Amino acid sequence: MSTPENKYTPASIEPKWQDAWDKARVYEVSNELAELKKKPKFYVLDMFPYPSGAGLHIGHPEGYTATDVVSRLKRMQGFNVLHPMGWDAFGLPAERAAVREGIHPAIITKRNVDNFRRQLKRIGFAYDWSREVDTTDPGYYRWTQWIFLQLYERGLAYMAEVPVNWCPAQATVLANEEVKDGKYVETGDPVERRMMKQWMLKIPVYAERLLADLDGLDWPDHVKEMQRNWIGKSEGAEVSFALEGSTQSLVVFTTRPDTLFGCTYCVLAPEHPLVATLTTPAQKAAVDAYVTTAKNKSDLARSEAKEKTGVFTGGFAVNPATGKKVPVWVADYVLITYGTGAIMAVPGHDERDHEFAKAFGLPIVEVVKGGDDVQQAAFVGEGTAVNSGLLDGLGTAAAKEKMIRWLEEQQRGVRRVQYRLRDWLFSRQRYWGEPFPIVHLDGGGIATIPVSQLPVQLPHVDEFKPTADGQPPLQRATDWLMVELPDGRKGVREVNTMPQWAGSCWYYLRFIDPKNTQAAWGAELEKYWMPVDLYVGGVEHAVLHLLYARFWHKVLFDCGLVSTKEPFQKLFNQGMILAYSFKNDAGKYFGPAEVDDRDDGAFAKATGEKLSKQIEKMSKSRFNVVSPDDVIAAHGADALRLYELFMGPLEQVKPWQTAGVAGVQRFLERVWRLVVDEETGALSKRLTDEPESADPALQKALHKTIQKVQDDSAGLRFNTAISQMMTFVNDATSAKTVSKDVLRGFLRVLSPYAPHLAEELWQRLGGQGFVCAQSWPSFDPKLVAEDSVTYAVQVLGKLRAEVVVPIAATEAEVRAAAEANDKVQAALAGKQVKKFIFVPKRLVNFVVG
RNA sequence: GCACGAGUGGCGAAACUGGCAGACGCAGCGGACUUAAAAUCCGCAGGCCCUUCAGCGGGCCGUACGGGUUCGAUUCCCGUCUCGUGCACCA
């Protein structure tokens with residue numbers, strides 16, 4: 001009888017080793033430069049989580065396990081590894097919970113952080129917890145405020161009355177990046193446009209560098225592409241149109257200056273300041289009505305409008321190329337927020353202008369030859385300029401150049417690069433965020449809080465909601481509001497707070513030197529650790545977080561505060577984990593416990609009704625959420641870790657299959673039985689004290705495993721690394737005896753993946769110290785190399801036989817061996833060999849006629 | 001609509017630069033052990049077909065679909081379909 005105590009029981013060994021690692025502080029890395037400089041560094045970072053009330057879901061540990069394996073491997077390979085964890089803890093959900101429960105968000109945040117930390121520790125991650133950071137800690141946001149002051153002093157932060165995205169449901173403004181199709185991307189609440197005085201950051205100043213420096217980064221191509229699209233660089237020209245009856249001129253931006261001769265009208269955005277100037281008395285009523293309607297339309301309604309609308313202002317501009325008068329219209333398909341808020345319309349060669357011209361009967365002129373009839377559809381491709389005076393006969397690229405030069409000579413225009421990227425709206429009407437270190441002086445003007453007085457701490461307020469007259473919650477802190485600066489000037493504090501992105505823009509720098517009270521980080525430590533060597537997180541941050549963080553980093557670089565141009569050298573996105581869900585025809589979802597999932601389909605247990613089974617995003621409403629706590633309780637943390645990585649390639653979206661966890665758990669049990677005799681609890685009787693070399697076959701299997709796990713882990717191909725370990729364990733299980741030496745080697749290989757089990761078995765096998773603190777085993781290239789090789793023998797591309805020959809066999813020797821084979825002879829009988837293909841170490845192919 | 005990515009057994013997947021498709025695992029099947037079951041261990045396993053008492057042996061098809069290049073294509077090229085992601089009046 002095997003007793004339960006002698007079986008593999010993760011529930012008892014995992015907490016034991018987690019405590020032991022904690023006490024021995026094995027994962028802490030020195031903060032002493034002299035000590036650090038003895039070894040090379042590796043900085044491996046996870047995107048730190050927002051500690052939500054729901055706790056960890058199964059998606060978090062996927063990326064975290066990947067970085068954990070890499071961090072453990074690198075440590076064993078002799079690197080100083082920086083592998084920290086922290087909390088991106090400012091944000092809306094805690095504030096909403098605070099309003100709901102009437103508890104301070106700091107208390108809710110602490111509760112959630114404690115839960116997250118507990119869950120992460122249960123998984124056995126090798127984080128250096130002495131470096132934990134929390135963006136809501138005044139000792140942290142003190143430096144967030146300090147960085148804001150750097151931006152302010154460089155003229156990159158300013159306050160302005162701007163059209164903003166106002167979200168009534170959340171009672172706050174949002175950044176452009178947070179709004180899509182007129183809705184807040186997080187909640188789907190509608191967003192409307194309002195004019196408000198807000199803080200803005202001049203990220204477009206860095207547009208060119210943010211674009212150019214992408215080239216040197218080891219990032220997924222699609223993430224680089226998304227950033228490029230977001231920055232949206234367009235090259236072209238600004239063209240000035242003289243206005244009839246006015247000394248002012250109308251400036252438009254175009255990427256197609258070569259089509260200027262085809263401009264038959266101009267269009268202003270409804271918000272454009274020249275609308276009032278240009279509108280004639282006869283058109284005033286119609287224009288006013290149109291502009292009012294457009295202003296009241298939400299962004300969503302404006303972007304969803306199918307048909308082009310607009311009104312003639314009655315005014316005219318002069319096309320600088322043709323000298324002809326063209327009418328100026330106002331239409332909401334032109335955006336005030338891009339370019340100059342006005343366009344030259346070329347209906348022959350722009351689809352939108354074509355649609356508008358058709359709708360309002362405006363003339364269409366062909367100025368680029370190469371497409372079909374421009375009266376029917378716009379031709380937007382490249383071609384040859386026609387009807388274009390000095391440009392006639394030129395190709396599109398040459399025509400653009402010539403027109404820009406001509407405009408510049410005539411002083412009617414200039415070459416211009418335009419970016420889609422706009423100033424970053426950087427304030428929110430919230431309580432739970434970093435206060436700005438800013439004072440609005442009584443006499444007018446803005447002053448900054450001196451660095452020595454930071455942090456500006458969040459004051460206590462009795463309610464976290466906006467005030468009755470719509471002011472941000474900080475307006476309630478009446479005592480806090482009034483401030484006198486050291487030089488005697490008085491004023492009121494800024495009551496907006498920073499958006500959640502602020503804290504995550506620089507946390508990777510704080511991890512370098514988290515306890516420093518004199519500076520945000522030590523300069524020498526920064527030089528040692530930066531850049532981040534591997535950054536893993538979800539693709540949802542491809543634009544927002546990663547663009548904002550790069551922007552701040554470049555500002556800090558210009559301030560001489562960091563030594564690298566870019567913060568994250570290598571980026572990797574893990575794929576989302578989905579799960580099976582079950583629902584009936586009416587769309588009602590069923591939890592796994594209510595479903596009988598058989599080979600012939602899924603059925604509701606209660607009613608027997610047939611259910612559809614699909615793979616979807618995990619969500620409470622679909623009853624398909626998998627909790628890491630439950631998986632650990634049922635299978636152990638090592639099995640969770642292993643399955644997270646064994647499911648498939650890290651970058652891939654893939655469904656969670658509960659049965660798969662049992663599979664990797666079985667693998668871990670087999671490893672256990674290699675070492676432990678389950679009958680007695682003593683060491684397995686098959687173990688020997690002989691050296692590795694006593695069993696050449698298993699020794700070879702071990703060395704191959706070391707090599708493959710090493711290469712695959714470094715390349716983030718964890719799934720194939722794990723299958724190699726499984727193959728080794730299968731080999732070892734069927735061997736009559738196994739050398740302890742071989743097993744100790746294997747446990748070192750296993751330990752980054754299943755650290756608890758490896759630690760327990762290492763100790764039982766008499767290993768010294770912690771297995772996670774051992775050096776990574778080296779493999780012997782001679783052992784990994786095969787001494788014989790199996791060639792596939794094809795005749796006319798069809799497999800006919802296999803021959804085994806010495807590794808060094810020459811082409812002639814392999815051919816002779818192949819021809820000696822019965823089946824090959826049969827296939828070749830009576831045929832002429834026209835050609836013989838030889839692929840070293842793989843196959844040969846007889847091409848017969 | 002535009003851009004990018006992906007389609008391989010019942011399922012998750014593997015296959016380095018064109019070279020034995022399906023490693024490893026899940027589910028399944030057979031055997032051993034057991035009074036029995038679970039667990040474990042050993043074995044089978046892409047599909048269709050022929051041959052055979054059975055074993056053995058053999059043939060054809062097969063990496064979304066249709067073509068092409070090549071001695072040879074999951075891999076390269078052209079076209080089609082499906083799914084996913086991003087962008088979407090950005091002049």
Side-chain angles (χ1 to χ4, degrees), chain A residues 2 7 180-181 220-226 228-230 232-234 236 252-256 259 267 302-306 308 331-335 337-346 349-353 355-356 380 418-422 539-540 542-543 575-576 580 598-600 642-643 646-649 651-664 666-667 669-670 673 678 711 715 717 719-727 729-730 733-734 790-802 823 834-848:
Chain A
S2 71
K7 290 201 160 171
K180 200 197 154 188
D181 295 335
D221 285 337
H222 69 278
V223 175
K224 289 191 189 181
E225 197 53 33
M226 282 165 73
R228 284 192 197 104
N229 288 341
W230 194 265
K233 182 178 183 177
S234 300
V252 304
F253 173 72
T254 179
T255 55
R256 291 295 300 270
T259 62
V267 186
R302 261 170 89 155
S303 69
E304 274 180 351
K306 291 273 177 289
K308 294 266 180 293
D332 69 2
Y333 82 92
V334 174
L335 308 174
T337 46
Y338 185 76
T340 62
I343 61 156
M344 60 178 231
V346 185
H349 304 282
D350 182 283
E351 283 163 359
R352 298 149 302 181
D353 297 343
E355 195 187 327
F356 192 80
V380 298
Q418 180 70 37
Y419 298 94
R420 202 181 80 114
L421 187 65
R422 291 177 226 151
V539 73
E540 65 272 20
V543 174
M576 206 191 327
Y580 289 99
R598 308 193 300 251
D599 282 351
D600 57 331
L642 227 46
Y643 183 64
F646 185 62
M647 277 196 285
E651 68 276 18
Q652 199 163 301
V653 174
K654 45 209 175 282
W656 184 271
Q657 301 193 98
T658 304
V661 190
V664 294
R666 270 203 284 272
F667 161 70
E669 285 164 351
R670 299 184 107 197
R673 282 192 297 268
E678 291 192 327
D711 292 351
R717 295 181 299 271
N719 53 330
T720 50
I722 293 167
S723 42
Q724 178 62 39
M725 289 191 273
M726 288 173 166
T727 304
V729 169
N730 290 346
T733 299
S734 46
T790 305
Y791 276 82
V793 182
Q794 296 181 337
V795 176
L796 217 58
K798 289 213 192 292
L799 183 69
R800 293 299 170 186
E802 287 180 351
K823 288 173 195 157
K834 289 207 300 201
K835 200 170 167 188
F836 179 72
I837 310 279
F838 177 72
V839 183
K841 297 188 176 71
R842 295 207 184 265
L843 62 64
V844 293
N845 188 7
F846 291 93
V847 184
V848 294

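In this text, all values refer to a predicted model and were calculated from it rather than measured experimentally. In what follows, chains are A, B, ... by sequence order, proteins preceding strands, each numbered from 1.
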- [ ] Decide side-chain contact (heavy atoms from CB on, under 4.5 Å) for A/T259 and A/M344; before the verdict, give the C-alpha distance in whole Å, the side-chain angles of both, and the deciding distance to 0.1 Å.
- [x] CA-CA 10 Å; A/T259 62; A/M344 60 178 231; 3.7 Å; yes

Task: Full working for side-chain contact (heavy atoms from CB on, under 4.5 Å) between A/L843 and A/V793 - done: CA-CA 6 Å; A/L843 62 64; A/V793 182; over 6 Å; no

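The residue A/R717 sits apart from the nucleic acid: no heavy atom pair falls under 4.0 Å. Across all strands, A/R670 comes closer than 4.0 Å only to sugar-phosphate atoms, never to a base (heavy-atom distances). Residue contacts for A/Q657: at a heavy-atom cut-off of 4.0 Å it reaches the sugar-phosphate backbone alone, with no base atom in range. Note on A/E351: nothing from the nucleic acid sits closer than 4.0 angstrom, heavy atoms only. Contacts of A/N229 with the nucleic acid, taken as non-hydrogen atoms under 4.0 Å apart, are absent. Using a 4.0 Å heavy-atom distance criterion, A/G232 is classed as making no nucleic acid contact. At a threshold of 4.0 angstrom between heavy atoms, the contacts of A/S734 are confined to the sugar-phosphate backbone, with no base atom among them. Counting non-hydrogen atoms under 4.0 angstrom, A/D353 reaches nothing in the nucleic acid. Within the 4.0 angstrom heavy-atom criterion, only backbone atoms of the sugar-phosphate kind lie near A/Q652; the bases stay farther away. Backbone-only contact: A/N719 has heavy atoms under 4.0 Å from sugar-phosphate atoms and none from a base.
B/G25 atom C1' lies 14 Å from atom CD of A/Q724, rounded to whole Å. Nucleotide B/A6 holds its P atom 10 Å from the CD atom of A/E651, rounded to whole Å. Atom CD1 of A/I722 and atom P of B/A14 are 12 Å apart (whole Å). Distance OH (A/Y419) to P (B/A91): 13 Å, rounded to an integer number of Å. Regarding A/N845, its CG atom lies at a distance of 14 Å from the P atom of B/G19, rounded to whole Å. The CZ atom of A/R842 sits 10 Å away from the C1' atom of B/C20 (whole-angstrom rounding). Distance, A/R800 CZ to B/C20 P: 16 Å, rounded to whole Å.
Put simply, A/R228 has no side-chain N or O that comes within less than 4.0 Å of OP1 or OP2 on B/C4. Within the structure, every side-chain polar atom (N or O) of A/K654 is placed at least 4.0 Å from both OP1 and OP2 of B/G12.
Nearest to the side chain of A/Y333, among B/C20, B/A23, B/C89, sits B/C89. Residue A/L335 has its side chain nearest to B/A91 when only B/C87, B/C20, B/A91 are considered. In the set B/G25, B/C71, B/A88, B/G25 carries the atom at the smallest distance from any side-chain atom of A/N730.
In the displayed structure, A/E351 atom CD is contacted under 6.0 Å by at most 12 heavy atoms of other residues, nucleotides or ligands.
Annotated stems with RNA chain B as a participant read B:1-7 with B:81-87, B:10-12 with B:24-26, B:28-32 with B:40-44, B:46-50 with B:57-61, B:64-68 with B:76-80, given as range with range, by first number; only runs of 3 or more Watson-Crick or G-U pairs under 3.5 Å qualify.
Here the side chains of A/M726 and A/F646 are in contact, with some heavy-atom distance below 4.5 Å. Side-chain atoms of A/T658 and A/Y580, non-hydrogen and from C-beta on, never get closer than 4.5 Å to each other. The shortest side-chain heavy-atom distance between A/R256 and A/D350 does not fall under the 4.5 Å cut-off.
Heavy atoms only, all atoms of each residue included: A/R717 and A/D711 are closest at NH2-O, 3.5 Å.
Under the 4.0 Å criterion applied to side-chain N and carboxylate O atoms, A/R666 and A/E669 are not assigned as salt-bridge partners.
By the rule that a glycosidic angle within 90° of 0 means syn, B/G67 does not qualify and counts as anti.
Judged by atom type and distance alone, A/K834 does not reach the base of B/C71 through any side-chain donor-acceptor pair under 3.5 Å.
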